[in-house]
Student: 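First, the structure itself, so that you have it in front of you.
Values reported hereafter were calculated over all heavy atoms of this structure, with side chains retained and with hydrogens, waters and symmetry mates removed.
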Amino acid sequence: MKVYKRGIFALLLSLVSISVFAVIVFFIASLFLSVIWYCAAIAAVLWIIGLFIVLRSENVRFELEDRRLRYYVANQLKKEFHIAEDSNISYKSVQKSGSDTQIDLYIDGEYVDASPIGLMKFQALYAELEDLVDSKPIKLTTGGKR
């Protein structure tokens, strides 16, 4: 069984982003509120909410065993796929900003968000899935004789 899950770098990047967001909220709130403790409380509450979201919803894991792919979110099984030789597997990858990449995995028409595991781990997972599927190369002919 192979397991693909979010790396430590992605987790640290999310935690830094949440912290920067909380600091920005603190400074914006301090422009409107005269009591610094209120500003700190607002920023702390938003930081805790963001931390909960990152640790809970972006805790994604893929398990590939034999011809079964299991998709877990927050340690709960969300979807299970049986990969047959004629399964239709594809993906869409869009780089948003910096190192943030949106990765959508499609298996037999069903969508799975694979962004939290990162591009490198996703490419390894996709290579494993391609090996399971009877994928034939597409031959293109351009110009010249037929």
Student: Are L51 and V60 linked, directly or through other ILVMFWY residues, by side chains that come within less than 4.5 angstrom of each other?
Tutor: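 No, no single cluster joins them.
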
Student: State, yes or no, whether a side-chain contact exists between L125 and K2 at a heavy-atom distance under 4.5 Å.
Tutor: no

Student: Do the side chain of R67 and the main chain of L132 share a donor and acceptor less than 3.5 angstrom apart?
Tutor: yes

Student: Could you go through V45 and I42, starting from their C-alpha distance and side-chain angles, then the distance that decides it, and tell me whether this counts as side chain to side chain contact (heavy atoms under 4.5 Å, CB included)?
Tutor: CA-CA 5 Å; V45 166; I42 292 170; 6.0 Å; no

Student: Would you check if the distance from the ring center of F122 to the ring center of Y91 is below 6.0 Å?
Tutor: yes

Student: Taking the side chain from S14 and the backbone from V54, do they hold a donor-acceptor pair closer than 3.5 Å?
Tutor: no

Student: Within the distance-only criterion (no hydrogens, no angle test), does the side chain of K5 pair as donor or acceptor with the backbone N or O of F62 below 3.5 angstrom?
Tutor: no

Student: Within a strict 4.5 Å, meaning less than it, do heavy atoms of the F26 and I36 side chains meet?
Tutor: yes

Student: Do D66 side-chain atoms and R68 backbone N/O form a donor-acceptor pair below 3.5 Å?
Tutor: no

Student: Should Y38 and L31 be counted in the same cluster of Ile, Leu, Val, Met, Phe, Trp and Tyr side chains packed under 4.5 Å apart?
Tutor: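 Shared cluster, no.
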
Student: Should we count OH of Y111 as having more than 12 external heavy atoms under 6.0 Å?
Tutor: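 For Y111, atom OH is crowded (more than 12 foreign heavy atoms under 6.0 Å).
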
Student: Is the backbone of I83 close enough, under 3.5 Å, to the side chain of S87 for a donor and an acceptor to pair up by distance?
Tutor: no

Student: Carefully, step by step, assess I18 and L46 under the rule side chain to side chain contact (heavy atoms under 4.5 Å, CB included).
Tutor: CA-CA 9 Å; I18 291 168; L46 290 178; over 6 Å; no

Student: Does some side-chain heavy atom of N75 sit less than 4.5 Å from a side-chain heavy atom of R61?
Tutor: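 Yes, close enough: below the 4.5 Å cut-off.
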
Student: Answer yes or no: does atom OH of Y106 have more than 12 heavy-atom neighbours from other residues, nucleotides or ligands under 6.0 Å?
Tutor: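 Counting other residues, nucleotides and ligands, OH of Y106 exceeds 12 neighbours.
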
Student: Is a side-chain donor or acceptor of D104 paired with a backbone partner of K92 at a separation under 3.5 angstrom?
Tutor: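 The answer is no, because no donor-acceptor pair under 3.5 Å joins these two groups.
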
Student: Can you give me the closest heavy-atom contact between S115 and Q102, atom names plus distance?
Tutor: OG-CA, 3.3 Å

Student: Is there side-chain contact between L69 and E63, with heavy atoms separated by less than 4.5 Å?
Tutor: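 SC-SC contact between L69 and E63 ruled out.
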
Student: Any non-hydrogen side-chain atom of I103 less than 4.5 Å from a side-chain atom of L119?
Tutor: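 SC-SC contact between I103 and L119 confirmed.
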
